[in-house]
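Everything on this sheet refers to the single structure shown next.
Each chain gets a letter, A, B and so on, in the order the sequences are listed, and its residues count up from 1. Side chains included, hydrogens not; waters and symmetry mates left out as well; all remaining heavy atoms used. Predicted, not measured: the structure shown is a model, and the values here were computed from it.
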Amino acid sequence: MTASPSRVEADGALAFGERLGEAFFDRPPRDVARDLIGCGLFHDGAGGAIVETEAYERDDPACHAYVGRTERTDVIYGPPGRAYVYLCYGIHRMFNVVTESNGTAAAVLVRALQPQVGLEVMELRRGAPREAQDLCSGPGKLCEALAIELDETYSRLWEPPWQLTARQTDASTPEIVAGPRIGITKGVELPWRYCLAGSRFLSRSAG
DNA sequence: CCTGCGATTTGCT
DNA sequence: GCAAATCGCAGGC
């Protein structure tokens with residue numbers, strides 16, 4: 001059961017373009033976060049279209065790297081296009097994309113997908129029968145459904161097992177809504193959460 | 001529909 | 001020692 005973007009066309013789903021390369025990620029996190037909406041994310045036999053992201057950057061008190069470069073935050077300061085997966089509340093894994101060049105702390109949290117491939121395996125991993133809109137509608141759910149693991153931190157997102165693919169080149173630009181980030185206590189006012197307008201697959205409605 | 005709470009691990013003070 | 005980029009369940013309206 002391989003997730004091949006070329007097969008992602010059933011159910012009115014988007015088709016996807018080529019794999020995103022390192023240069024895509026070597027930009028400010030808000031640009032990357034916005035441009036990731038509508039892109040494809042596939043991992044270990046499951047995936048779909050990204051519908052919700054959040055940007056975190058240097059001098060942003062909500063960013064893990066705000067405390068400086070430590071063993072945990074080293075990856076965020078490192079080269080772009082690497083995965084940063086960490087454990088939240090001792091239970092849930094969170095998947096981030098590292099952006100900007102080596103030496104600058106910046107990352108994008110991927111919060112929700114519209115599932116398109118591997119619906120059955122996602123349900124198995126999520127542990128119970130679920131509606132499609134409850135499979136990947138949150139950062140913890142997404143990592144569980146796609147089997148994204150902590151030890152994949154530092155891995156390159158343009159290599160297996162990742163398939164991070166561009167929006168279809170002939171697709172119209174999706175309508176994107178920005179608003180405050182979710183679940184944080186610092187930097188609450190910054191509107192650095194990006195959602196696909198009208199999507200039913202968000203962790204929360206876009207307001 | 002909504003609100004509150006417990007689970008469970010880790011990194012940093 | 002404590003706070004944390006969450007989730008699912010219980011209970012009330």
Fill in: Atom P, compared across B/dC5 and C/dC13: separation rounded to whole Å
15 Å
Discussion item. Give me the distance, rounded to whole Å, that separates B/dT8 from C/dA10 when you measure between the P atoms they each carry.
Written reply: 16 Å
Mind checking if [X] touches a base, just sugar-phosphate, or nothing, with heavy atoms under 4.0 Å?
{"X": "A/R181", "value": "nothing"}
{"X": "A/R130", "value": "sugar-phosphate"}
{"X": "A/R93", "value": "nothing"}
{"X": "A/T70", "value": "sugar-phosphate"}

Spacing between [X] atom [atom1] and [N] atom [atom2], to the nearest angstrom:
{"X": "A/I91", "N": "B/dT10", "atom1": "CD1", "atom2": "P", "answer": "12 Å"}
{"X": "A/R69", "N": "B/dC12", "atom1": "CZ", "atom2": "P", "answer": "13 Å"}
{"X": "A/E131", "N": "C/dG8", "atom1": "CD", "atom2": "C1'", "answer": "16 Å"}
{"X": "A/R204", "N": "C/dC7", "atom1": "CZ", "atom2": "P", "answer": "11 Å"}
{"X": "A/Y89", "N": "C/dT6", "atom1": "OH", "atom2": "P", "answer": "6 Å"}
{"X": "A/K141", "N": "C/dC9", "atom1": "NZ", "atom2": "C1'", "answer": "13 Å"}
{"X": "A/F95", "N": "C/dC7", "atom1": "CZ", "atom2": "C1'", "answer": "20 Å"}
{"X": "A/Y66", "N": "C/dA5", "atom1": "OH", "atom2": "C1'", "answer": "16 Å"}

Side chain of [X]: nearest nucleotide among [options]?
{"X": "A/L87", "options": "C/dA5, B/dC12, B/dT10", "answer": "B/dT10"}
{"X": "A/V67", "options": "C/dA5, C/dT6, B/dC12", "answer": "B/dC12"}
{"X": "A/Y86", "options": "C/dT6, C/dA5, B/dC12", "answer": "C/dA5"}
{"X": "A/T185", "options": "C/dT6, C/dA4, B/dG11", "answer": "C/dA4"}
{"X": "A/R72", "options": "C/dT6, B/dT10, B/dG11", "answer": "B/dG11"}

Discussion item. Tell me which nucleotide, if any, is Watson-Crick or G-U wobble paired with B/dG4 when both distances must be under 3.5 Å.
Written reply: C/dC9
Discussion item. Check this for me: does the side-chain of A/H64 come within 3.5 Å of the base of C/dA5 through a donor and an acceptor?
Written reply: yes
Worksheet item: Can you list the steps and then say if A/N96 with A/Y86 is a side chain to side chain donor-acceptor pair (under 3.5 Å)?
Response: CA-CA 9 Å; A/N96 292 249; A/Y86 77 96; 5.6 Å; no
Item to complete: Please tell me if the side chains of A/W162 and A/E152 come closer than 4.5 Å, counting only heavy atoms from C-beta onward.
Response: yes
Worksheet item: With a cut-off of under 6.0 Å to the ring centre and 45° to the axis, is A/R27 in cation-pi contact with A/F24?
Response: yes
Discussion item. Within 45 degrees of the ring normal and closer than 6.0 Å to the centroid, is that where the cationic atom of A/R156 sits relative to A/F25?
Written reply: no
Discussion item. So, taking the atom named CG in A/L41 and the one named CG in A/L36, what distance separates them when rounded to the nearest 0.5 Å?
Written reply: 9.0 Å
Worksheet item: Does A/R30 pair with A/D60 as a salt bridge, N-O distance under 4.0 Å?
Response: no
Worksheet item: Should A/R111 be listed as having a side-chain N or O under 4.0 Å from OP1 or OP2 of C/dT6?
Response: yes
